[in-house]
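Lettering follows sequence order; numbering is per chain, from 1.
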Number of protein chains: 2
Amino acid sequence: MKVTIYDVAKKAGVSIATVSRVINNTGRISEKTRKKVLEVMETLHYQPSIVASALTGKRTRTIGLIIPDVANPFFSEIARKVEDRGRELGFNVLMCNTDNNPDTEEMYLSLLKQKSVDGIIIGTTTKNYTVLNELLRENFPIALIAQDIPELAIDVVRVDDFLGGYLATSHLVSLGHKKIAIMLGNLSRTSDKYRFQAYRQVLEENGLEYNEKLVICTDYSMEDGKRAALELLKSSQRPTAIFACFDALAVGVYQAAKELGLNIPNDLSVVGFDNTILATIVDPPLTTIAQPIDEMGRQVVDLLVRGIEEEKHTKQRVILPPELIIRNSTKENVSK
Amino acid sequence: MKVTIYDVAKKAGVSIATVSRVINNTGRISEKTRKKVLEVMETLHYQPSIVASALTGKRTRTIGLIIPDVANPFFSEIARKVEDRGRELGFNVLMCNTDNNPDTEEMYLSLLKQKSVDGIIIGTTTKNYTVLNELLRENFPIALIAQDIPELAIDVVRVDDFLGGYLATSHLVSLGHKKIAIMLGNLSRTSDKYRFQAYRQVLEENGLEYNEKLVICTDYSMEDGKRAALELLKSSQRPTAIFACFDALAVGVYQAAKELGLNIPNDLSVVGFDNTILATIVDPPLTTIAQPIDEMGRQVVDLLVRGIEEEKHTKQRVILPPELIIRNSTKENVSK
DNA sequence: CAAATGTGGTTAAGCGCTTTCTCTAATATC
DNA sequence: GATATTAGAGAAAGCGCTTAACCACATTTG
């Protein structure tokens, strides 16, 4: 049924080694036999089995992509770029969603290895290093996107989160806001941590009081954002501005504001982070910190592929600059 | 370096056949040897190579998912569900974006086969049937999601697009709208076609005039929607309501309306389709036709897996009911 | 013109696993 | 107690491919 290299060899009157050589363009083959073999391959609709060739030490030309959730616009945009660049370089991508569950992540890590992927791109918050370390030790190609593990020498492509946080907070401060809240995911995630550190530093630099009540750690979805915003906006310490560390959270803020009858940006300024499609859809359009997602997606794949193809590849961190995109969700503070 | 079945066999003092048996839970193994082998596997961190086992006729436990674009919320939500259900059943998913380019699609189809995936889920508008037909002929497991190819006996999971179009248009008619426009993607795509047919039928049933000027075929993105809506809203035949066949197009309509200073729903009612996350984010929240995405995702995978695992599986079409979700983007027609 | 060199190809081993066939030893049967 | 069963395990072939080692022949070279 299935046509194999033997069928081709037989029909072309050569050995399978010869066929293999024309497939891979290796060794010396006379123009005549090459033609003949190619011809037979064509008529037989022959397609080399990647599984078989992988078994003999060749690449599977497949990479794994581990992210929290493709349904989250930020990651779906990343996934798209990764796939695009992967295709350009001849790699397919195996998509894995973990919801940031460490067990799921660990499971995928070892599963992907079992499946002999050539490398893995990780966009989740890695908490459990055991499997990861093991892979790293045996020099398995791994690259991180949009997160970092500072204590590891590892390939990383991410935005400068500190700078992003700095830009966002500074923007609000420059608009005269004094009570600025920040909503983030999990401080164990480096991206969140850096944004938070920048937030604190800007407050300090501007002589603004740091108030713990204005810091909310939540999760990454809109519902989480809404819940957190509701809490924030109902409190006696109601902020005049919120820096939401993800656009999704910012959307939650919009929903909360609407429910409470607050107008954005008149009653409340909000800055997001990521500049996903959400930022442009929402009304008013969201001021946010843009991550160069396209560039990031392209670069992780490039980095990973170098790790795959080059014998001695030096790990590196690629830290890209964020950009403040001012739209209509932020406005001069008028209160008091 | 890499630990193989031989290492395990040697250390456990048994043959590789025995090890294979305990891995796969086949054949008769004494409790004692099983224990021993499992123990050795554990201490050696042994992980069977799926590539090698695939070569001997076992499954790769990988399925392909071909969609236009994961960055499109509808498909990212589908992708997520497919992956979830796949994981439950022990399958990984290889993500392929085609942008509805037939060549890319064809390329993926044969690439996926080369990679020995166990089956393929297709969510794109298939135009070129040659490769598809070939796969079908050799009984390669394939399932369609959110689209159909009526002339083929094939596994399909989709929403009842006609009913969806019917509900959407009827809703607008019942609100007293007479000039109802429709924006769709490509009439060669069955989903679009059925929605359009329903639109026409509803008009007819209600004695409303069908006006070609109010039908716009565009593409699937927001920009396309905006462009189309601008055209529609600037024309002398300005409609009082628009049925956008995808939420993304509807968002484009919002943007166009905003640009023209038109208020939704007061100046213009709009109904979307899909009930993606976009519908709830947008302001005012979008009245739309909900597709049971979760259910669809689950069911395609189930169907596909049946095709993979059951020798004689009868192809079937699973057609799920859509639901009209009334939010605030539609309103009684007051004009004239 | 014998030896060296180059060209085009074949043979065969091996990748890590599954599975059929076979064999041995223990247990059951009469 | 001899024979029939059965449980447990091993030997070996084979999956489709790559590649190192090898070989036959033609062509150069001094």
**Q** So what does A:Val14 hit on the nucleic acid, given a heavy-atom distance under 4.0 Å: a base, only sugar-phosphate, or nothing?
**A** sugar-phosphate
**Q** If you assign B:Arg34 and B:Thr56 each to the DNA chain D nucleotide with the nearest heavy atom, which residue ends up on the more 5' nucleotide?
**A** B:Arg34
**Q** Could you report the tightest heavy-atom contact between B:Lys2 and B:Gln47, atom names first, then the distance?
**A**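 Smallest heavy-atom distance, with atoms named: NZ-O, 4.5 Å.
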**Q** Is a donor-acceptor contact shorter than 3.5 angstrom present between the side chain of B:Arg21 and the base of D:dG10?
**A** yes
**Q** Need to verify one output field. Residue with the more 5' nearest nucleotide on DNA chain C, B:Ala17 or B:Val51?
**A** B:Val51
**Q** Distance check needed: D:dC25 C1' versus A:Arg28 CZ, whole Å only.
**A** 13 Å
**Q** Side-chain donor-acceptor pair under 3.5 Å between B:Thr62 and B:Lys115, yes or no?
**A**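 B:Thr62 vs B:Lys115: no donor-acceptor pair found between side chains.
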**Q** Would you classify B:Ser49 as touching base, sugar-phosphate or nothing, given that sugar-phosphate means primed atoms plus P, OP1 and OP2, and contacts are heavy atoms under 4.0 Å?
**A** sugar-phosphate
**Q** Could you tell me how far apart B:Asn25 (CG) and D:dG8 (P) are, to the nearest whole angstrom?
**A** 14 Å
**Q** Rounded to the nearest angstrom, tell me the gap between atom CD in B:Glu31 and atom C1' in D:dA7.
**A** 14 Å
**Q** Under 4.0 Å between any heavy atoms, over every strand shown, what does B:Thr26 touch: base, sugar-phosphate, or nothing? Just pick one.
**A** nothing
**Q** Counting any heavy atom closer than 4.0 Å, what does A:Ile29 reach on the DNA or RNA strands: base, sugar-phosphate only, or nothing?
**A**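 Sugar-phosphate, backbone atoms only, no base.
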**Q** Rounded to the Å, how far apart are B:Lys36 NZ and D:dA9 C1'?
**A**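 Those two atoms, NZ and C1', are 16 Å apart.
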**Q** In whole angstroms, how far is the P atom of D:dG14 from the CD1 atom of A:Ile5?
**A**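 Rounding to the nearest Å, CD1 of A:Ile5 and P of D:dG14 are 18 Å apart.
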**Q** Testing the basics here: between B:Val157 and B:Gln299, what is the closest heavy-atom pair and its distance to 0.1 Å?
**A**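 So the two residues come closest at CG2-C, 3.9 Å.
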**Q** Would you indicate, yes or no, if D:dT18 has its OP1 or OP2 atom less than 4.0 angstrom from a side-chain nitrogen or oxygen of A:Ser20?
**A**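 Looking at the OP1 and OP2 atoms of D:dT18, one of them is under 4.0 Å from a side-chain N or O of A:Ser20.
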**Q** Name the first nucleotide and the last nucleotide along DNA chain C (5' to 3') that come under 4.0 Å of a heavy atom in chain A.
**A**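 Going 5' to 3' along DNA chain C, contacts run C:dT7 to C:dG16.
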**Q** Classify the nucleic acid contact of A:Ser53 as base, sugar-phosphate or nothing, counting any heavy atom under 4.0 Å across all strands shown.
**A**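 Sugar-phosphate only.
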**Q** Would you tell me whether A:Thr33 and A:Ser30 have side-chain atoms, one donor and one acceptor, within less than 3.5 Å of each other?
**A** yes
**Q** Rounded to whole Å, how long is the line connecting atom CG of B:Leu55 with atom C1' of D:dT18?
**A**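 Distance, rounded to whole Å: 12 Å.
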**Q** Contact class for B:Ile16 (heavy atom, under 4.0 Å): base, sugar-phosphate, or nothing?
**A** base
**Q** Tell me the interatomic distance from B:Lys10, atom NZ, to D:dG10, atom P, rounded to whole angstroms.
**A**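 So the two atoms are 15 Å apart, to the nearest Å.
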**Q** If you compare all heavy atoms of A:Ser15 against all heavy atoms of A:Ala9, which two are closest, and at what distance to 0.1 Å?
**A**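 For A:Ser15 and A:Ala9, the tightest heavy-atom pair comes out as C-CB, 3.8 Å.
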**Q** Can you confirm whether B:Glu310 is buried at CD, in the sense that more than 12 heavy atoms of other residues, nucleotides or ligands lie under 6.0 Å from that atom?
**A** yes
**Q** Take atom NZ in B:Lys315; do more than 12 heavy atoms of anything else shown fall under 6.0 Å from it?
**A**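 Yes.
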